[in-house]
Amino acid sequence: MAQLNLTNLRGDLVASADRRQAVKQASARKSAAKESMDEAWARIFASKLTDADRGKLAEVKRAMSEGSIGRSPSDTHTKKGTPKRFSKAEAIRLYAVLQERNKADRLRKMVEDTPENYELITTDDALSRFVAELQNEEIIAIDTETTGVDVYSDDIVGISVTLPDSDRHVYIPVEPTKDDHAMNRAAVLDALRPALEDAMIGKVLFNAIFDRNILRSHGVEFRGIAWDAMTAMHLLNENEPSYKLKDLAPKYLGVESDTYDELFGKNAQFAEVPLDVALVYAAKDTQLTWELYRFQERHLRKFPEMYEYYTTVEVPLLDVIADLESNGYILDLDFAKEYGERLRKEAAELHEYLVDKLAKYHEGDEPINVNSPHQMRPALSKAIGKELPNLDANRTLKPLRKQHEIIDRLLEYKRVTKLSGTYIEALPKKQNRTTKRWHSRFNPMGTVTGRFSSGKDEEDKTGSGFNVQNQPEDVRPMFVPPPDKVLIGADFKAQEIRCTAYLSGEPVLIDAFNTGRDPYAMMASQFYKRPYEEVNKLPDGSDTKERKQMKVVWLATLYGMSDFALGDMLGIAKKDATAFKDEVFGSMPKLNAWLESNKTFVQKNGFVWADKKYRKRRLKDAQLKREFIPYGKYNDPKFEPQRLNNSRINRALRQATNARVQGTSSIQTKVTMIEADRMCHEKGNGWHLWGTVHDEILWEAPADFTRADIADIERVMTESYRFGDVPNGTDIEVARRWGHGMTVDEWFKQNEKGAI
DNA sequence: TATTCCTGCCAC
DNA sequence: AAACGTGGCAGGAATA
């Protein structure tokens, strides 16, 4: 009953508010005639506005006072002739009109100001003259305009080229551009082919992998990448806020540059852009790319080792990645379907259980949303009679799973839905419509340390990309090699620890590697007080859980994990963690000195080097001034900024060592990938690079590979990039499905029996 | 309604 | 007092 009364009351309130509003509007209409524009603006600006709206309104006000825009008659009076008050909504409508007009003005001005040395090529004659000219160029800048960002399916609508010697910038539109003047695409590409495929003509690009692969889809084997201004920018400053050409040009070249969206609108097709506009836009792109290249080269040359690294590793790597990406993946959809159904069923059962059990602790009419931490935290806290700080699986829930069945079921539900939602259900939808394979992106500059990131293309809105590097164990078997092929994976054995041994010169570590002992196993033996052999990797290549745990501990400790967190991780008291760390690391004074020297270096210089000055990691926070906080004042809000400052400093100090180790290791992986790719080309016969996961390189290879092939892989892995005198190691696996690997010996044993 | 932020979790 | 580095992505919540 109370509910009903409340509803009526609310209805009354609404009705009376409507009446008041109506009265207000009527009086506003009466006063509209009297209100001046200044008064109207004052009224609008006095109302509650977002910053964005405030900016827009200010622009409209300025334009109106300049007389460049005015109210439309349909807005000033109603049909009956009653004056209408100037409103915020009307002003925002005027803003849109203003934007459209500005855009048109900008485009017109762009065309009027087309530089003398910009040339639109639309005739066979002009094209053949240009092609002849190209043959004499040592280096050019080049860019493709396309219908979209799917390099396997979308079309090229034009190509722009900068000829630096003669300072000319051309744009060659091709069909399907809706313009009578554009030439046939295949004919243009054929004419350009000799230059595009000529490795002796150097090419400067912005995001080279994109252009290389979309040209490949059009039957052109693009060669001669000499510089990628996008990846070079990452090397010059890994902290750059944006790596878009349109942001870099104003910042580093002092050249204003409109974005595509600003000029043409969000979903505009470049093929629809009139050719005079297209010329200025596209030719300017390669001109800017060229100038950015000159700027970058000048700066990078000041660091000869870094310059050498960029041109001999990062640049050749672009071809390797482009090949790897376009080779793509095959997914076993039957596996996905079967596994997906199993997961769905499991999830539904768990969901029912959870909703049922939590119903009485959940407030609200709707059933509880199990995926919402917001709803789950209070309900679950009540259900177990204990306040949970969060729903973090590792820290909060896992320790409680044995005591409370509901938590155990929730963790299982989370695992199942994560697997199903992110991987098993999602991946099959990402098949490329043209190649029928799955293509991911590998970004060689996707991280601040030099590791690859993997995922979707930044511009891609179709969601066709996916991260190859975080596929869970259970999902990997969905990835299969083509028929009659296998996957061969080789990892760098203890890559980061070998790297640490090399960088620090720690004799205990170096000696361990030289005598074939495994530091993780040594540490596990020490911690668990069990024989070395028992905790080491098993003969079949699988890891023991003890060794696996030490792997995490080793790295975490190296990267500055506190004793508190270490104790937490190992389930021991802080003082025991401290003692354990002292025991392990105390025997390695040179390693400790090196860890310390990384801190002093970064505090002095604001950056650290990866390996032989190949890559910088700039950590300016290390140079902040450390603030003193008196004992017992940590909760005093007055010391908030100091706390923040100090934690930024501490973070930078931890990052210093991490960046050196991760950076140096990633260089090893990249150099080795180039050699691995070279090996594929030498072998031919269906050998392809298949992927990389930080310390691992994978191939797809014909199933009749030989022991000699394996020896080649071993050589490539261990000899392509040396960590000084520290030997490299590798473990090689052969698989019919990703993750279902066997050792090489097992493979050949099965093969001899004809069991495959 | 579309975009951005946040939390949580997968990998090395 | 805080407490381990590098990523990408899903889904909910908050914001525009």
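We use all heavy atoms of the structure for the numbers below, so side chains are in, but hydrogens, waters and symmetry mates are not. Convention: sequence-line order gives letters A, B, ...; per-chain numbering from 1.
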Pairwise P distance, B/dT7 and C/dA2 [rounded to whole Å]: 16 Å
A/K581, NZ: over 12 other non-hydrogen atoms inside 6.0 angstrom: yes
Below 4.0 Å: OP1/OP2 of C/dT6 and any side-chain N or O of A/Q655: yes
Partner set under salt bridge (Lys or Arg N to Asp or Glu O under 4.0 Å) for A/R651, not counting sequence neighbours: none
Length of the CG-P vector between A/D731 and B/dC12, whole Å: 14 Å
Under-4.0 Å side-chain N/O to phosphate OP1/OP2 contact, A/N369 with C/dG12: yes
Value in whole Å for how far the P atom of C/dG5 lies from NE2 of A/H694: 16 Å
Rounded distance in Å - CD1 (A/I368) to P (C/dG12): 13 Å
For A/Y310, ring-ring contact (aromatic ring centres under 6.0 Å, His included) partners two or more places apart: A/W227
Sugar-phosphate only, base, or nothing, as touched by A/Q495 at under 4.0 Å among non-hydrogen atoms: nothing
Rounded interatomic separation in angstrom, taking CG from A/L566 and P from C/dA3: 15 Å
Whole-Å gap separating P (B/dC12) and CZ (A/F442): 13 Å
5′-ward residue of the pair A/K574/A/R654 relative to DNA chain C: A/K574
A/D621 CG to C/dA2 C1', straight-line distance once rounded to whole Å: 16 Å
Results of salt bridge (Lys or Arg N to Asp or Glu O under 4.0 Å) for A/K574 - residues two or more places apart only: none
Sugar-phosphate only, base, or nothing, as touched by A/R476 at under 4.0 Å among non-hydrogen atoms: sugar-phosphate
Among B/dA11, C/dG5, C/dA13, the nucleotide that comes nearest once only the side chain of A/P472 is considered: B/dA11
Nearest to side-chain heavy atoms of A/N371, which nucleotide of C/dG11, C/dC4, B/dA11: C/dG11
More than 12 heavy atoms from other groups under 6.0 Å of NZ on A/K430: yes
Dump every N/O contact between nucleotides 7-9 of chain C and the protein below 3.5 Å, one line per pair.
from	atom 1	to	atom 2	distance (Å)
C/dG7	OP1	A/V448	N	2.9
C/dG8	OP1	A/S453	OG	3.4
C/dG8	O4'	A/N467	ND2	2.9
C/dC9	OP1	A/K456	N	3.0

Nucleotide nearest A/K414 (side chain, heavy atoms from C-beta), chosen from B/dA11, B/dC9, C/dG11: B/dC9
Side-chain donor/acceptor contact of A/R651 with base of C/dC4 under 3.5 Å: no
Separation of C/dT6 P from A/N239 CG (nearest whole Å): 11 Å
Integer angstrom distance from the P of B/dC9 to that of C/dA1: 27 Å
Sugar-phosphate only, base, or nothing, as touched by A/E696 at under 4.0 Å among non-hydrogen atoms: nothing
Any donor-acceptor N/O pair, A/N592 side chain to A/F585 backbone, under 3.5 Å: yes
Euclidean distance, atom OH of residue A/Y413 to atom C1' of C/dG11 [Å, nearest integer]: 11 Å
Any pair counted as salt bridge (charged side-chain N to carboxylate O under 4.0 Å, His left out), so long as it reaches residues 413-423 of chain A, sequence neighbours left out: A/E412-A/R415, A/R415-A/D474
Under the salt bridge (Lys or Arg N to Asp or Glu O under 4.0 Å) test, residues paired with A/D611 that sit two or more places apart: none
